[in-house]
Amino acid sequence: MSDTHKTLLRGAKVLGGEPRDVLIEGERIAAVGTGLDADGATVIDAAGQILLPGLVDLHTHLREPGREDSETVLTGTRAAAVGGFTAVHAMANTFPVADTAGVVEQVWRLGRESGYCDVQPVGAVTVGLEGKKLAELGAMHDSAAGVRVFSDDGKCVDDAVIMRRALEYVKAFDGVIAQHAQEPRLTEGAQMNEGVVSAELGLGGWPAVAEESIIARDVLLAAHVDSRVHICHLSTAGSVEIVRWAKSKGWNVTAEVTPHHLLLTDELVRSYDPVYKVNPPLRTEADVMALREALADGTIDCVATDHAPHPHEDKDCEWGAAAMGMVGLETALSVVQHTMVDTGLLDWTGVADRMSVRPSAIGRLTGHGRPVAAGEPANLTLLDSAYRGVVNPAGFASRSRNTPYEGLELPGSVTHTFLRGRPTVVDGKLTPTPQP
């Protein structure tokens, strides 16, 4: 496909507004208006469909290098494209850990080779995710991958001195530390949310205070050294209050929530189905409602999938032995429509803000999270919001199938995804080779 290729989206509802024609020429949006025409353009009838900026995920596990049995950069980015994403941040808990310039560059190059979405590697905060010694933060930033986000996700940076040093270090290049907030001593042997259900089932509890105490500490540290901290997969009503308080002080604190924490509760664990085993665990209905309200009012900045693919054998086993995590890239927008749009908590402009604009800003990505306007990069997602369908993981592009939504009817279907003007998904199907 040449750089002069033209695509005309006819009658799309830009951010859910009035129907508009959108003309894409090469890598950019050439015009937005009514009655547009373009000789030689591929015309797509987008009547009634919602046009959003390409979605951006701050929290994706692509598993490569080391666990290619559960996902690869190629399969993960294909899943991302199907879900409407044009950029993902790839977490560092790979084998080897992404704690050096060499590993983050490898992941970055694999992303460029896939062509399905931009892959921005997240660097580890500490060597080997062991929490003892800072990783090569500067070298990872200076590498071809240009790392700006660092996280030991999967583990908490629980040492306050190490966390302080990391926050101070990344100030040199406007980086951010993304914290997996989990006090390890309070969660030893934890299997699910600590509460009524865990008591009745006799499963080890993961108390809300284990998350909230780390968030409280880290927002204070970030304020003390005047740096940026981002809270991964915030999951409790108490965590919301701490972040709200920190923001009221003007501190540079951001937070994300996963789709599954916006919808599912710990009552599902009564089934003992390991598909519901996740870290942080599914919480209570009261937590879910608090998270939705906080996402709506902007206390929580963005939705991040925490896409965590696992092979069949790691989930099809007894609860205690099962791995924690859920796939989420291909269902994220549907869950957000179901929990936030169809409930009236967010409009489509709000969805664009929480799933594209803000995650791009937090990750300091350029070219993503931009307005749907002439001259802007053509990173776009077209959604049939009237669609209703039952989730069937057999058709997933991801290599793994560990979705908690199997058999559930959810709204919305991504029909087209464009990465810099090139279609990665057409009529809901992946294009063969959308090379950059």
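Keep in mind it's a predicted model, so treat the numbers as computed, not measured. Numbering starts at 1 and runs along the sequence shown.
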field: side chain to side chain contact (heavy atoms under 4.5 Å, CB included) between Thr415 and Val425, intermediate numbers included
entry: CA-CA 7 Å; Thr415 62; Val425 173; over 6 Å; no
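- Residues Glu256 and Asp306 form no side-chain contact, since every pair of their non-hydrogen atoms from C-beta on lies 4.5 Å or further apart.
- Note: Arg148 CZ to Ile362 CD1 = 13.0 Å, rounded to the nearest 0.5 Å.
- One finds the CZ atom of Phe418 at 8.5 Å from the CG atom of Leu51 (value rounded to the nearest 0.5 Å).
- Using a 4.5 Å heavy-atom threshold, the side chains of Val147 and Trp108 count as separate.
- In this structure, Ala294 and Val240 approach most closely via the heavy-atom pair CB-CG1, 3.6 Å.
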query: What do the steps show when you test Leu74 against Tyr116 for side chain to side chain contact (heavy atoms under 4.5 Å, CB included), and what is the final call?
result: CA-CA 8 Å; Leu74 177 60; Tyr116 282 96; 4.0 Å; yes
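- Between Glu168 and Arg165 there is no salt bridge, since none of the side-chain N atoms of the basic residue sits less than 4.0 Å from a carboxylate O of the acidic one.
- A distance-only check finds a donor-acceptor pair linking the side chain of Thr187 to the backbone of Glu183 [under 3.5 Å].
- Contact annotation: the side chain of Val269 approaches that of Leu201 to within less than 4.5 Å [non-hydrogen atoms, C-beta and beyond].
- Summarising the geometry, atom CZ belonging to Arg292 is positioned 6.5 Å from atom CG belonging to Leu263; distances are rounded to the nearest 0.5 Å.
- Of the charged side-chain nitrogens involved, none lies within less than 4.0 Å of a carboxylate oxygen, so that Asp158 and Arg217 do not count as a salt-bridged pair.
- Side-chain polar atoms of His368 and Asp118 form a donor-acceptor pair below 3.5 angstrom.
- Of the possible donor and acceptor atoms, none in the side chain of Thr339 sits under 3.5 Å from a partner among the backbone N and O of Leu262.
- Nearest heavy-atom pair across Val335 and Pro259 is CG1-O, 3.5 Å.
- Using a 4.5 Å cut-off on side-chain heavy atoms (C-beta onward), Ile177 and Val125 make contact.
- Taking a 6.0 Å sphere around CZ of Arg364, one finds it holds more than 12 heavy atoms contributed by other residues, nucleotides or ligands.
- Residues Thr75 and Glu71 bring a donor and an acceptor atom of their side chains to less than 3.5 Å of each other.
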- prompt: Passes side chain to side chain contact (heavy atoms under 4.5 Å, CB included), Val336 versus Val351? Steps please.
  reply: CA-CA 8 Å; Val336 170; Val351 172; 4.2 Å; yes
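- Minimum interatomic distance between Ser239 and Ile215 (heavy atoms only, all atoms of both residues): OG-CD1, 3.4 Å.
- Met326 is not listed as a side-chain neighbour of His307, based on a closest heavy-atom distance of 4.5 Å or more.
- With contacts defined as side-chain heavy-atom distances shorter than 4.5 Å, the pair Val119/Val107 qualifies.
- The main-chain N or O of Thr86 is never found under 3.5 Å from a side-chain atom of Asn379 such that the two would form a donor-acceptor pair.
- Judged by distance alone, the side chain of Glu330 and the main-chain N or O of Ser398 form a donor-acceptor pair under 3.5 Å.
- Here the straight-line distance linking atom CE of Met192 with atom CG of Asn279 works out to 13.0 Å at 0.5 Å rounding.
- Closest approach of Ser235 to Leu291, counting heavy atoms only: O-CD1, 3.7 Å.
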- prompt: Ser227 and Val170: side chain to side chain contact (heavy atoms under 4.5 Å, CB included), yes or no, with the steps?
  reply: CA-CA 8 Å; Ser227 188; Val170 298; 3.9 Å; yes
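- Just one residue in the list Val303, Thr305, Thr381 forms a side-chain contact (heavy atoms from CB on, under 4.5 Å) with Met355, and that residue is Val303.
- In this structure the side chain of Val219 reaches within 4.5 angstrom of the side chain of Ile242, judged on heavy atoms.
- A distance of 4.0 Å separates CG in Leu382 from CD in Gln49, rounded to the nearest 0.5 Å.
- Atom CD1 of residue Ile231 and atom OG1 of residue Thr254 lie 7.5 Å apart, to the nearest 0.5 angstrom.
- Counting only distance, with no hydrogens or angles, the side chain of Thr60 and the backbone of Leu62 share no donor-acceptor pair below 3.5 Å.
- Minimum heavy-atom separation, Pro377 to Arg370: CD-CG, 4.2 Å.
- The closest donor-acceptor contact from the side chain of Thr424 to the backbone of Thr417 lies under 3.5 Å.
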Distance-only donor-acceptor hits, side chain of residues 386-394, under 3.5 Å, sequence neighbours excluded:
{"unit_1": "Arg388", "atom_1": "NH1", "unit_2": "Ser385", "atom_2": "O", "d": "3.1"}
{"unit_1": "Asn392", "atom_1": "OD1", "unit_2": "Ala394", "atom_2": "N", "d": "3.1"}

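- Taking every heavy atom of both residues into account, Ser400 and His310 meet most closely at OG-O, 3.0 Å.
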message: For Arg244 and Glu293: C-alpha separation, side-chain torsions, deciding distance, then whether salt bridge (Lys or Arg N to Asp or Glu O under 4.0 Å) applies.
response: CA-CA 12 Å; Arg244 187 173 281 133; Glu293 292 290 344; over 6 Å; no
Just list the side-chain donor-acceptor pairs under 3.5 Å for residues 129-138, sequence neighbours left out, or say none.
none

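- Annotation: salt bridge (charged side-chain N to carboxylate O under 4.0 Å, His left out) contacts of Arg67 (sequence neighbours excluded): Asp69, Asp314.
- If you check the side chains of Asp316 and His312, you find a donor sitting under 3.5 Å from an acceptor.
- By the 30° and 60° cut-offs, the orientation of the rings of Phe173 relative to Tyr169 is perpendicular.
- Between Thr126 and Asp159 there is no side-chain heavy-atom pair separated by less than 4.5 Å.
- Side-chain atoms of Asn402 never come within 3.5 Å of backbone atoms of Pro309 as a donor-acceptor pair (strictly under, hydrogens ignored).
- With sequence neighbours left out, the salt bridge (charged side-chain N to carboxylate O under 4.0 Å, His left out) criterion links Arg109 to Glu105.
- Note on ring orientation: taking the six-membered ring where Trp is involved, the planes of His59 and His233 are tilted (angle from 30° to 60°).
- Other residues, nucleotides and ligands contribute more than 12 heavy atoms inside 6.0 Å of the NZ atom of Lys171.
- In summary, of the residues considered (Val149, Asp301, Val176), a side-chain contact (heavy atoms from CB on, under 4.5 Å) with His230 occurs for Val176 alone.
- The list of salt bridge (charged side-chain N to carboxylate O under 4.0 Å, His left out) pairs with a residue in residues 260-271, not counting sequence neighbours, reads Glu200-Arg270, Glu267-Arg270.
- At distances below 3.5 Å, not a single donor-acceptor pair connects side-chain atoms of Ser114 with backbone N or O atoms of Thr77.
- Looking only at distances, no side-chain donor or acceptor of Ser356 sits under 3.5 Å from a matching main-chain atom of Leu55.
- Note on residues 236-263: pairs passing ring-ring contact (aromatic ring centres under 6.0 Å, His included), not counting sequence neighbours, are Trp245-Trp251.
- No donor-acceptor distance shorter than 3.5 angstrom exists from the side chain of Gln179 to the backbone of Asp152, with no hydrogens or angles considered.
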field: Arg228 vs Asp174, salt bridge (Lys or Arg N to Asp or Glu O under 4.0 Å): CA-CA, chis, key distance, verdict
entry: CA-CA 8 Å; Arg228 292 201 296 141; Asp174 189 30; 3.4 Å; yes
